[in-house]
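Have a look at the structure below, then the notes.
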Amino acid sequence: MNGLARRIMCGVASLAFVLAGCSTESDQGDAPSTDFTTTFTRIAASGYIDMSLDFDNPTDQSVTLRGRLIARDGDDAEVPDVQINTAFETDKGRAVVTPGGSVDFVQLRGTGADQVRAITFEDVEVKQVAGAVLPNPVELTPVGADGSDLDDDMDARQVRLDNPNTDSAKVRIVLLVLQAPQGGEPQQASLIRDVATVEVKPQASTTVDLDAETQSILQERGADSFVTLRPVLAP
């Protein structure tokens, strides 16, 4: 599973399963006035990562978003003691949401976390990202000690980022360690680590060496957990 779905989600939103409510937003710069919504998927279909949060972008512009994430139960009531952390910090303006939308993943902590069935996005501030909209995903491929491409991130010593677009891409590499699933409960991240941020030239590839700590986490945690390196389009 570690080799699945490693493309950066920057062209279209992933499949929506549980619809969260609409948000309100305020303009910044040239961003249009519209609603931005989120879709929370607690347990995903086979082959996809649980606890995903899709940020919809109905405009034709790439944007960053800042706002409050609110946990809600099956009756749409707020679960006030639940803290929500996002792996890519999309809600804090650290990931680009391109036209169509982008996906993030959440950690839920606190009393009532098991009751959360929707996450809404409120008091949203929208800022347009300078530069061209990248129509194609930047792909990440793990590379082993001998320089060969790998199917499993666990043994990676480097990663290669391939940018098929005619404009450069700024990409964050984020490591996720997902705990083993237990009895129908969702599999969520037990560790999130920012590895590096790099600029990938147009229609080119960039190889990034993984630091010693990242390699250690991949090897040690990959033995009994799901480990994955994700490319995240950065502003």
Side-chain angles (χ1 to χ4, degrees), residues 5-41 48-49 51-70 84-106 118-140 161-174 176 192 194 196-206 229-235:
R6 64 178 71 261
R7 287 191 180 124
I8 188 168
M9 303 277 188
C10 65
V12 294
S14 63
L15 292 176
F17 293 91
V18 182
L19 181 63
C22 293
S23 64
T24 57
E25 69 76 44
S26 58
D27 284 341
Q28 286 190 357
D30 297 325
S33 178
T34 187
D35 283 337
F36 287 75
T37 59
T38 52
T39 303
F40 175 55
T41 303
Y48 291 85
I49 298 177
M51 305 292 281
S52 66
L53 187 65
D54 287 278
F55 288 81
D56 180 47
N57 177 5
T59 77
D60 60 358
Q61 301 170 352
S62 293
V63 300
T64 58
L65 306 173
R66 291 178 179 269
R68 295 188 307 120
L69 294 173
I70 307 296
I84 304 171
N85 294 320
T86 55
F88 308 149
E89 296 187 316
T90 304
D91 57 308
K92 297 179 181 177
R94 295 200 63 213
V96 173
V97 183
T98 57
S102 300
V103 69
D104 206 329
F105 301 95
V106 300
I119 297 173
T120 55
F121 197 31
E122 302 180 8
D123 301 327
V124 183
E125 297 178 353
V126 183
K127 185 176 181 180
Q128 184 180 354
V129 176
V133 173
L134 302 181
N136 300 304
V138 174
E139 295 188 1
L140 182 152
L161 297 170
D162 296 300
N163 177 18
N165 299 286
T166 55
D167 293 277
S168 62
K170 184 179 179 182
V171 179
R172 290 167 54 210
I173 301 168
V174 180
L176 301 181
I192 300 168
D194 258 53
T197 301
V198 297
E199 192 86 20
V200 189
K201 293 181 179 180
Q203 298 180 331
S205 298
T206 296
L229 294 160
R230 314 292 290 194
V232 180
L233 198 61

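Numbers for residues simply follow the sequence, beginning at 1.
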To the nearest 0.5 Å, what is the distance between [atom1] on [X] and [atom2] on [Y]?
X: Thr64; Y: Gln128; atom1: OG1; atom2: CD; result: 10.0 Å
X: Phe121; Y: Asp35; atom1: CZ; atom2: CG; result: 12.0 Å
X: Phe105; Y: Thr41; atom1: CZ; atom2: OG1; result: 9.5 Å
X: Thr38; Y: Leu69; atom1: OG1; atom2: CG; result: 7.0 Å
X: Leu65; Y: Asn57; atom1: CG; atom2: CG; result: 7.0 Å
X: Gln203; Y: Asn165; atom1: CD; atom2: CG; result: 8.0 Å

So, Asp104 side chain and Phe88 main chain: donor-acceptor pair closer than 3.5 Å or not?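 Such a contact is found between Asp104 side chain and Phe88 backbone.
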Would you find a donor on one side and an acceptor on the other, under 3.5 Å apart, between the side chain of Arg68 and the backbone of Asp123? no
Nearest heavy-atom pair of [X] and [Y]: which atoms, and what distance?
X: Asp167; Y: Pro202; result: C-CG, 3.6 Å
X: Val171; Y: Pro231; result: CG1-CB, 3.8 Å
X: Ser102; Y: Val97; result: OG-CA, 3.5 Å
X: Ala169; Y: Val138; result: CB-CG2, 3.9 Å
X: Lys201; Y: Asn163; result: O-ND2, 3.3 Å
X: Pro235; Y: Gly93; result: CG-O, 3.5 Å

[X] vs [Y] side-chain heavy atoms within contact, under 4.5 Å:
X: Asn85; Y: Val106; answer: no
X: Ile192; Y: Val174; answer: yes
X: Pro99; Y: Val133; answer: yes

Pair Arg66-Val124, side-chain contact (heavy atoms from CB on, under 4.5 Å): steps then yes or no: CA-CA 5 Å; Arg66 291 178 179 269; Val124 183; over 6 Å; no
Do NZ/NE/NH1/NH2 and the carboxylate oxygens of Lys170 and Glu199 come within less than 4.0 Å?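 Salt bridge between Lys170 and Glu199, a charged N being under 4.0 Å from a carboxylate O: no.
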Carboxylate-amine/guanidinium contact Asp194 Arg94, below 4.0 Å: yes
If you apply the rule side-chain contact (heavy atoms from CB on, under 4.5 Å), what do you find for Ile70 with Ile119, and how did you get there? CA-CA 5 Å; Ile70 307 296; Ile119 297 173; over 6 Å; no
Test side-chain hydrogen bond (donor to acceptor under 3.5 Å, both in side chains) on Glu122 and Thr120; report intermediate values, then the result. CA-CA 6 Å; Glu122 302 180 8; Thr120 55; 3.2 Å; yes
Test side-chain contact (heavy atoms from CB on, under 4.5 Å) on Leu53 and Thr39; report intermediate values, then the result. CA-CA 6 Å; Leu53 187 65; Thr39 303; over 6 Å; no
Run the side-chain contact (heavy atoms from CB on, under 4.5 Å) check on Leu161 and Ile173 step by step: do they pass? CA-CA 9 Å; Leu161 297 170; Ile173 301 168; 4.2 Å; yes
